[in-house]
**Q** 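This is the structure I want to talk about, given as structure tokens.
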2 protein chains.
Amino acid sequence: MNGPGESAQQRRPVTLDDVARAAGVSQPTASRVLNGSSRRVAPSYRERVLSAAQELGYTPNLPAQAMARGTSRTIALVLSLISDPYFSAMAAEIMKQAEAIGLHVSIAVTERQAERELDLIRELRGQQPRAIILAGTGYVDPPSSQALIDELQRYEQTGGRVVLISRSDLPFETVDFDNHEGARQLARELATLGYRNCLVLGSATPLLSMQQRVEGFVAGLTESGGTNVRVQQPGFSWAGAREFVLGLSDDEAAQLDLVFAVTDDMALGALAGLRERGLRVPEDIGVAGFDDISTLRDVVPKLTTVHVALNAVAQEAVYRATTTDESLTRRTVPAYPVIRASTPPLSS
Amino acid sequence: MNGPGESAQQRRPVTLDDVARAAGVSQPTASRVLNGSSRRVAPSYRERVLSAAQELGYTPNLPAQAMARGTSRTIALVLSLISDPYFSAMAAEIMKQAEAIGLHVSIAVTERQAERELDLIRELRGQQPRAIILAGTGYVDPPSSQALIDELQRYEQTGGRVVLISRSDLPFETVDFDNHEGARQLARELATLGYRNCLVLGSATPLLSMQQRVEGFVAGLTESGGTNVRVQQPGFSWAGAREFVLGLSDDEAAQLDLVFAVTDDMALGALAGLRERGLRVPEDIGVAGFDDISTLRDVVPKLTTVHVALNAVAQEAVYRATTTDESLTRRTVPAYPVIRASTPPLSS
DNA sequence: TTGTAGGCGTTATCAC
DNA sequence: GTGATAACGCCTACAA
């Protein structure tokens, strides 16, 4: 299988030089037809270069190109967790958008450790990406984030773009969805349906966007007339929500007619916990979340939530990552409630 | 905010040269202390270089390093779909493993278009990654895949590693899970529980691993004594499975006591379809899948499936992607059935 | 339109 | 131990 074919035992990748030599032209000429912009090369040369490249299986060495050009065709994406359906959906959309304009995506994951973020970004900066997109981290208290800001600003000063998604804690280009308004509208609709005694599950991790959701929900409920709202901050996860719900006293649980969690993930955890303690959803208690992740389609009852147009967010983010229009600095994508079976109208 | 600070309006990234100059040493010396391997540099110099790098915020230019060294610290990962929970879990594990040994991961997605695979790989090759990992594509008929093989072999000849996950259609290093055996064991356990009349939902897309699951399941059922098995090939998706189930006649549906789908995703689609036509799961009919994706935890009833140790697969894959031990060429990670509430013992 | 020369940031080779 | 010097593959002037 590895016999001494015509070019079998080759060791070195095919370079532009090889192509040029094979085509009998100079390196810049080959470069112009294969990778160049203004393609004014004689058709005969052009032809020869093309077929030589084809023959040899030439692929441009991207690192070399990046170095020579001073800029790469890579976008660096920083996520907190890729296995989370919310973030994987986000990543998918961003990759789709990036690919549509010929950009690669390099992904790095913080695993929800805020302190890793800085190291990660420094590493990524070394890749000389065209832009760095930070999605879905972002803490409420901006203490040690000064180092992060410095790092990102340094990156921007060298011509890189920084785009934040769903975190308004740093002074950079930001694409947000309207956490506050989405949660507020949800609360109003739920109030209309008759929900009065609500448990709001926020996040023990002080994330800004989650705080906005809590505030929006409480605001919406308050506007809709007097209600009992109790805000709690369990661990920011499925397990955290579940455990919190399991820890409620029977009295407390009995008085509730709704649990709103700041993410669908947590809402599902709450749902699981409620069921474990014998409560039926939605007959005994309603549940609502936020994000409208796709895996909700398999959950019974269908979960009421707030839908976010992730594709619009991704498109905006990539657009901002690749354009240099200084006029835009922030864009908020709408989020709107979707009432489903987990919160039917309350008859009582 | 952008005042004329000490180094505010800088335009060019900090290079090794800058660090060397600031430290008063030569470029090679700076290189040795910051990135080099054999670190025999005088402590005093070492100190100065380190603090200069710190001061200036130096980060090595990875493309430049890659070019100089002839090899990068990147692994390229090709997936068919990142938003799928199965693949995002896989990606997460691979990234974790890669990161543990200081490697970056660059992800590309075929969006399930087989023909894109070749272009994608050629592009990726240009990034000069240390290895290319292909996960979860792989068709049964290997017709046009010759071009793919050529491309990958060319890449290997230049020192790159190629690792396949869950596809045995190409002559490269492969990490597989035991699709056949996992499905076979599942079938045997279900037969023991009393299931006799089974609908098997394979994949209209001719994927090798899915075919193996079908064959394994049928084999297990056959071994367990005479049963009625009907194999069908709906579209390879949640929607495909759902639609197929909805298309069954009432007679056909009534005769079944089990639906096995080759992926959890499809099993959930079937579950949705069964419910839409008024069947209760598991009272009227059992459902089983394959993969044990994490989102199953929120599905009621809990789904019987075949568990795959993704972390073991990922670890193997990354190991093979970074080692050059020629002796190993294939490894099969076990897969084992997990019986849950969706397939209770049949009393009848 | 085409070729020559120089440079991108880093590492490797080799004298000192 | 340390510092010149020559690569790595490509691109962008510039000159022909």
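Because the structure is a prediction, the values reported are computed rather than measured.
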**Q** With a 4.5 Å cut-off on side-chain heavy atoms, are A/P129 and A/I75 touching?
**A** no
**Q** Starting at atom CG of A/D17, determine the distance to atom P of D/dA7, rounded to an integer number of angstrom.
**A** 13 Å
**Q** Taking only the side-chain nitrogens and oxygens of B/S31, find out if one of them lies under 4.0 Å from OP1 or OP2 of C/dT11.
**A** yes
**Q** Are any of the side-chain heavy atoms of A/E151 and A/R154 separated by less than 4.5 Å?
**A** yes
**Q** Would you say the base of C/dG3 and the side-chain of A/R32 have a donor-acceptor pair closer than 3.5 Å?
**A** yes
**Q** For the pair made of CZ in B/R12 and P in C/dC8, what is the distance, rounded to whole Å?
**A** 9 Å
**Q** Hey, are A/R73 and B/E123 close enough for a salt bridge, meaning a charged N less than 4.0 Å from a carboxylate O?
**A** no
**Q** Whole angstrom is fine here: how far is it from CG in A/D18 over to P in D/dC8?
**A** 11 Å
**Q** Quick check on DNA chain D: between B/A64 and B/S44, whose nearest nucleotide comes earlier from the 5' end?
**A** B/S44
**Q** Any idea which of C/dG3, D/dC10, C/dG9 is nearest the A/V25 side chain?
**A** C/dG3
**Q** Hey, does the side chain of A/Q65 come within less than 4.0 Å of D/dC10's phosphate (OP1/OP2), counting only N and O?
**A** no
**Q** What is the distance, rounded to the nearest whole Å, between atom CG of A/N61 and atom P of D/dA7?
**A** 18 Å
**Q** What's the CD-C1' distance between A/Q27 and D/dA13, to the nearest Å?
**A** 15 Å
**Q** When the distance from CG of B/L56 to C1' of C/dG9 is rounded to whole Å, what number comes out?
**A** 15 Å
**Q** Where each pair must be Watson-Crick or G-U wobble with both distances under 3.5 Å, what dot-bracket representation of DNA chain C is obtained, with crossing pairs in [ ] and other-strand partners as |?
**A** |.||||||||||||||
**Q** Both B/R69 and B/A42 contact DNA chain D. Taking the nearest nucleotide for each, which residue is further toward the 5' end?
**A** B/A42
**Q** For B/P63, report the nucleic acid contact type (base, sugar-phosphate, nothing); a contact means any heavy atom under 4.0 Å.
**A** nothing
**Q** Can B/R21 and B/D17 be said to form a salt bridge (charged side-chain N to carboxylate O under 4.0 Å, His left out), step by step?
**A** CA-CA 6 Å; B/R21 201 179 343 257; B/D17 206 41; 2.9 Å; yes
**Q** If you find the nucleotide of DNA chain C closest to B/P28 and the one closest to B/M67, which residue's nucleotide is nearer the 5' end?
**A** B/M67
**Q** Any side-chain heavy-atom pair from A/N61 and B/Q128 closer than 4.5 angstrom?
**A** yes
**Q** Quickly work out the B/Q127 CD to D/dC10 C1' distance and round it to whole Å.
**A** 16 Å
**Q** Expressed in angstrom and rounded to an integer, what is the separation of A/Q128 atom CD from C/dT10 atom P?
**A** 8 Å
**Q** Under 4.5 Å between any side-chain heavy atoms of A/D18 and A/R12, yes or no?
**A** yes
**Q** Check the phosphate of D/dC11 against A/N35, side-chain N and O only, distance under 4.0 Å to OP1 or OP2. Yes or no?
**A** yes
**Q** Side chains of B/Q146 and B/D150: do they bring a donor and an acceptor to under 3.5 Å?
**A** yes
**Q** Kindly say if A/T29 contacts the phosphate of C/dG3, meaning a side-chain N or O under 4.0 Å from OP1 or OP2.
**A** yes
